[in-house]
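Only one structure is covered here, and it is reproduced in the block below.
Predicted model only: the values in this text are computed from it and were never measured. Worth knowing before you read on, the calculation uses all heavy atoms, side chains too, and leaves out hydrogens, waters and symmetry mates.
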Amino acid sequence: MSLANVVVIGAQWGDEGKGKITDLLSRSADVVVRYQGGVNAGHTIVVDDQVLKLHLIPSGILYPETICLIGSGTVIDPKVMLKELDMLLENSIDISGLQLASTAHVTMPYHRLLDEAMEQQRGDQRIGTTGRGIGPTYADKSQRNGIRVLDLLDSQRLRERLRGPLQEKNRLLEQIYGVAPLDSEQVIEEYLGYGQRLAPHVVDCIQTIHQAARSRKNILFEGAQGTLLDLDHGTYPYVTSSNPISGGACIGAGVGPTLIDRVIGVAKAYTTRVGEGPFPTELEGSINEQLCDRGGEFGTTTGRRRRCGWFDGVIGRYAVAVNGLDCLAITKLDVLDELDEIRVCVAYELNGERIEHFPSSAEDFARCHPIFKTLPGWQCSTANCRRLEDLPTTAMDYLRFLADLMEVPIAIVSLGANRDQTIVVEDPIHGPKRALLSA
């Protein structure tokens, strides 16, 4: 079996089903690395009758022989992480392979309070954050004022590192936002306790990854959120605070681009979005309700109902370009089973002109009107299909249309939440790069 280091990214606004695809690909991985984001991300994995909801811990944790590394580019809420660890132990899942980068930054209680207060103050200009403190954590990281995992392991260092930030944040909370200040000693003791519990998992991230690379291990890099939520290349300002795109894997994990062999994008057979911001193909009425209900479109992290719309080929092509996608995994095809016709956005109309590119201005994007191509539905269940030949002809035509529109082949088709509800067209890690489903 040949060496392959692979990045899995979301090709839309997140919630594409990356957890299931990462879980599937983890069977071939020796190391799975989560490289960005925090507890604002969430994914659900269904194994037999077990439904596991994870926010920080990589999906590969379900494979006992796999090392699961949370990289330096992530931000860690230790309270949430320890709850996840306890949940896994309660489900008899081995967590000995979990490793946490000592240099990952820590979400502190003042980050959560500030996130909620700032979002409330924005009023009609709110971004739609999860309120989990992720933005303020990354802001402190950029301002060189953050707390890292290694700080939780040393009482004196944590006290020194927190002295200034706690004073500053308490002033902000009290004087600007009218929120009660935090008790410094209580925060310090609480987070030292978290550090004690996490200490057995804390490692030098760079050494772990590069030792695996030197040993010719297969490394899978797992992103959170999706391309259109990227801080630099997404629908700014309605974005996350990190870089979910494939290039973020190099920074967040501490590897050079030459280590990456392949990039796999995950996209739903339609489109969803959580939070605020423009959404050209968004649906209203009965079809929106149908997609939401059949697709179980409620956020893993917040429980918020997701906004649903038709597949958007413009943002799809954009995701292919900025991530350098080699192939696609299309998820939730079965959600479309009952529709008599399906629409796909192939271009936008902006100021009376047809455009086929994603506009960089949020104001322009908000004025874009989708130009649709209508395709026939198949109106029968695909949930039990396990080979391409089992799919209805019109479902195959739909997949080929998406592959042609995005100019990238499809390697995986997911038809439900369970592991076995999947068609693997070609092994996207070890198979030939282009020998996949295409137009």
Side-chain angles (χ1 to χ4, degrees), residues 10-13 15-18 20-21 24 44 46 51 265-274 279-298 305-317 327-347 369-426 436-439:
Q12 295 163 323
W13 273 287
D15 307 310
E16 300 95 348
K18 295 182 297 299
K20 175 182 175 177
I21 302 304
L24 177 72
T44 302
V46 180
V51 179
V266 184
K268 280 177 183 164
Y270 49 103
T271 309
T272 62
R273 180 167 196 175
V274 173
F279 185 1
T281 67
E282 185 170 11
L283 286 161
E284 296 180 353
S286 60
I287 298 182
N288 172 66
E289 297 295 319
Q290 185 175 354
L291 292 180
C292 189
D293 293 340
R294 282 184 56 83
E297 297 298 353
F298 299 89
R305 191 178 184 91
R306 295 174 184 142
R307 302 157 63 189
C308 296
W310 297 118
F311 190 93
D312 189 329
V314 179
I315 68 170
R317 286 192 298 267
C327 58
L328 278 170
I330 297 294
T331 63
K332 296 196 174 183
L333 183 69
D334 57 301
V335 174
L336 305 180
D337 284 351
E338 296 179 357
L339 300 178
D340 59 349
E341 64 177 31
I342 301 165
R343 306 180 84 186
V344 177
C345 174
V346 296
H369 299 283
I371 298 173
F372 287 115
K373 168 77 173 178
T374 301
L375 300 162
W378 40 95
Q379 295 184 284
C380 62
S381 175
T382 59
N384 294 319
C385 296
R386 297 296 178 268
R387 304 172 303 160
L388 285 179
E389 307 90 84
D390 298 334
L391 288 171
T393 301
T394 44
M396 281 290 295
D397 290 342
Y398 181 69
L399 291 172
R400 288 196 180 96
F401 183 82
L402 297 186
D404 183 42
L405 180 65
M406 295 177 68
E407 299 180 343
V408 69
I410 295 171
I412 296 172
V413 181
S414 174
L415 302 153
N418 284 300
R419 279 176 172 172
D420 66 334
Q421 292 180 297
T422 312
I423 299 172
V424 179
V425 183
E426 184 72 54
L436 312 171
L437 176 66
S438 56

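- Remark: side-chain polar atoms of Arg294 are paired, donor with acceptor, to backbone N or O of Val335 under 3.5 angstrom.
- Closest of all the heavy-atom pairs between Leu415 and Leu391 is CD2-CD2, 4.3 Å.
- A side-chain donor-acceptor contact under 3.5 Å links Asp337 and Thr382.
- In this structure Gln12 satisfies the side-chain hydrogen bond (donor to acceptor under 3.5 Å, both in side chains) test with no other residue, sequence neighbours excluded.
- A side-chain donor-acceptor contact under 3.5 Å links Ser414 and Lys20.
- Using modelled atom types, one side-chain atom of Lys268 and one backbone atom of Asp15 make a donor-acceptor pair closer than 3.5 Å.
- Rounding to the nearest 0.5 Å gives a distance of 12.0 Å between OG1 of Thr281 and OH of Tyr270.
- Between atom CD1 of residue Ile423 and atom CD1 of residue Ile330 there is a gap of 12.5 Å, rounded to the nearest 0.5 Å.
- Side chain of Arg317 to main chain of Val346: a donor-acceptor pair is present (N/O by atom type, distance under 3.5 Å, no hydrogens or angles).
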Atom pairs and distances, side-chain donor-acceptor, residues 284-291, under 3.5 Å, sequence neighbours left out:
unit_1, atom_1, unit_2, atom_2, d
Asn288, OD1, Cys308, N, 3.4
Glu289, OE1, Arg305, NH2, 2.7
Gln290, NE2, Glu338, OE1, 3.3

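- Annotation: the span from Trp13 atom CH2 to Thr272 atom OG1 amounts to 9.5 Å, rounded to 0.5 Å.
- Rounded to the nearest 0.5 angstrom, Ile342 CD1 and Leu333 CG are separated by 7.5 Å.
- Shown here for Trp378 and Pro392, the closest heavy-atom pair between the two residues is CB-CB, 3.8 Å.
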